[in-house]
Amino acid sequence: MGDVTAPDLTFALALHRLLAGERSFAWSPYSVTSALGVVAAGARGSTRDELAAVLGDLDALAAALAAGAALGSGPGSTVTLGVANTLWADLTLPVAAEYLAAVKSWPGGAARGADFRGAADAARQEINADVARSTRGLIEDLIQPGLIDAETRAVVVNALYLKAAWTAPFPKAETRPEPFRTPGGPVDVPTMHVTRQLPYAARDGWTLVSVPAGEGVVADVLLPPEGDLVPLDEGVLTGLLDSARQREVALSLPRVKVRGTASLVEPLAALGIRRLFSREADLSGVTGGLEGLRVDAAVHKAVLTLDEAGLEGAAATAVMMTRLAAITAPPRPIPVRVDRPFHLIVRHRPTGTLHFLTQVTDPR
């Protein structure tokens, strides 16, 4: 992505509009595209073509996601990143060796057996417990009762955890309650303050301020024009990121804790991924053609927190497969007061990985 574009940016913003609506909502493009990428590795024919038409070049996407997972490994790093991509296959499912190798090539790739036929709910609880461990307890009960049953043959799960310290923290002594204009009226929220050199851009009524964290992780705060919360547009976003320059900024930013929970089937179908969920699905690469599969459910959960020290977020996505038969002079600081609904992106600037897309209408 460099500083501006990501392989899945068009898809991410389109899905963001469908998921967020007009409420506070956090989700992880990294998690969703990772899970879909693992599924796509077993898709063939028009099913794979449809995934590629919506997600973009699948090989380029896989390479970008792999690059974005290489964080937090250096000594003394202020970034912690955990990624797991797990195929949970029924004990009777004949998983093709080629697909098994493809799964294991993804960051944190692994395959595990599960007794969906004989003990579906116990398998569901085991998957949820594994997700909770991978996300440091931030994502619990990802898969609700009833989404896995005796007809389930495989579940692809992505789990993501990211914690990054700001390169320079917000002074805690400067945090104080200040009004934030929610759709239901103004409320007082803890608001952080800092004045320093930060990437800044303003155009077409939008304001961008980027708050840097360790190893190239950055939180982009995007304040739309006054009035109703305007959806995030790809042209506006890329234009702001491309024109951002270091300026002295007096930033007022609320602490943020935003969650999101969603079923992905209808939003993905609205974007053009339909065969995957139908009887015409071709996932023959998963089993080498020995058993027909389709996706009957896909769910996502995420949480993102920003405070004076840095950011912490976690997300998980589960895709359930069932049998086809089953249905010079220093300038004056630029004041940026984030006191009304705004958008928030957490990304890895060098690779363009989009870890979180967030809409904040109420930061509490």
Side-chain angles (χ1 to χ4, degrees), residues 1-6 9 26 68 71 77-79 162-176 178 180-181 189-226 229-230 232-233 236-258 304-313 328-360 363:
M1 149 172 170
D3 283 337
V4 180
T5 58
L9 179 60
L71 286 172
S77 174
T78 59
V79 174
L162 175 65
K163 185 173 184 177
W166 306 127
T167 54
F170 289 78
K172 281 191 175 182
E174 297 297 321
T175 299
R176 53 187 177 269
E178 290 186 352
F180 185 95
R181 288 174 276 163
V189 300
T191 302
M192 307 179 293
H193 295 268
V194 73
T195 299
R196 69 166 65 105
Q197 290 279 327
L198 294 170
Y200 167 88
R203 53 186 291 172
D204 301 323
W206 285 80
T207 301
L208 163 77
V209 177
S210 297
V211 185
E215 294 192 40
V217 174
V218 62
D220 300 310
V221 178
L222 295 124
L223 196 62
E226 286 280 359
L229 183 62
V230 180
L232 200 50
D233 175 82
V236 169
L237 174 60
T238 55
L240 285 165
L241 292 173
D242 193 42
S243 62
R245 298 293 182 269
Q246 291 284 339
R247 300 289 298 273
E248 187 82 357
V249 175
L251 176 61
S252 304
L253 178 67
R255 289 183 193 152
V256 169
K257 186 168 187 178
V258 182
L304 179 64
T305 302
L306 269 65
D307 62 17
E308 291 86 352
L311 62 91
E312 183 179 35
T328 58
R332 295 183 61 184
I334 302 167
V336 177
R337 180 172 294 279
V338 184
D339 62 353
R340 53 190 170 83
F342 64 99
H343 301 280
L344 182 66
I345 297 173
V346 175
R347 62 189 171 97
H348 182 230
R349 187 178 54 79
T351 63
T353 302
L354 296 172
H355 290 295
F356 292 91
L357 266 175
T358 302
Q359 181 169 287
V360 182

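What's counted below: heavy atoms across the whole structure, side chains too, no hydrogens, waters or symmetry copies. Sequence positions, counted from 1, serve as the residue numbers for this chain.
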With H193 via ring pair (Phe, Tyr, Trp, His ring centres under 6.0 Å) - residues at least two apart: none
Euclidean distance, F356 CZ relative to I345 CD1, rounded to 0.5 Å: 13.0 Å
CG-CD distance between L306 and E312, expressed to the nearest 0.5 angstrom: 10.5 Å
Value rounded to 0.5 Å, distance of CZ in R337 from CG in L223: 11.5 Å
G214 backbone acceptor or donor facing W166 side chain under 3.5 Å: no
Listed pairs under 3.5 Å, donor-acceptor, residues 203-213 side chains, sequence neighbours left out:
from	atom 1	to	atom 2	distance (Å)
R203	NH1	G239	O	3.3
S210	OG	D220	OD1	2.6

Spatial distance of atom CD (E178) from atom OG (S252) [nearest 0.5 Å]: 5.5 Å
Heavy-atom side-chain proximity of R349 to V217 below 4.5 angstrom: no
Rounded distance (nearest 0.5 Å) linking atom CD of E215 with atom OG1 of T167: 12.5 Å
Within-4.5 Å side-chain heavy-atom neighbours: L162 and V346: yes
salt_bridge(K172, E174) N-O dist < 4.0 Å: no
Worked verdict on V360 versus V338 for side-chain contact (heavy atoms from CB on, under 4.5 Å): CA-CA 10 Å; V360 182; V338 184; over 6 Å; no
Rounded distance [0.5 Å steps], CG in L232 versus CG in L9: 8.5 Å
Side chain to side chain, L304 and L344, heavy atoms closer than 4.5 Å: yes
Closest heavy-atom pair and its distance - F180, V189: CB-CG2, 3.8 Å
Residues F170, L251; criterion side-chain contact (heavy atoms from CB on, under 4.5 Å); working and verdict: CA-CA 10 Å; F170 289 78; L251 176 61; 4.1 Å; yes
Main-chain N/O of V79 paired to S77 side chain as donor or acceptor, under 3.5 Å: yes
Donor-acceptor pair, side chain of R340 and main chain of P224, under 3.5 angstrom: yes
Check: L71 main-chain N/O paired with H348 side-chain donor or acceptor under 3.5 Å: no
Pair L357-R347, side-chain contact (heavy atoms from CB on, under 4.5 Å): steps then yes or no: CA-CA 9 Å; L357 266 175; R347 62 189 171 97; over 6 Å; no
Short side-chain to backbone donor-acceptor contact, R196 and R247, under 3.5 Å: no
A250: partners by side chain to side chain contact (heavy atoms under 4.5 Å, CB included), with sequence neighbours left out: T195, P333
Test item: P199 and Q246 side chains (from C-beta on) under 4.5 Å apart, heavy atoms: yes
For D339, all residues meeting side chain to side chain donor-acceptor pair (under 3.5 Å), sequence neighbours excluded: R181
Shortest non-hydrogen separation from A201 to S243 and the atoms involved: CB-OG, 3.6 Å
Close side-chain approach of P254 to F342, heavy-atom, < 4.5 Å: yes
Qualifying residues under salt bridge (charged side-chain N to carboxylate O under 4.0 Å, His left out), relative to E308, sequence neighbours excluded: R255
Minimal non-hydrogen separation, T351 against G68, with atom names: OG1-CA, 3.8 Å
Side-chain touch L253/V194, heavy atoms, less than 4.5 angstrom: no
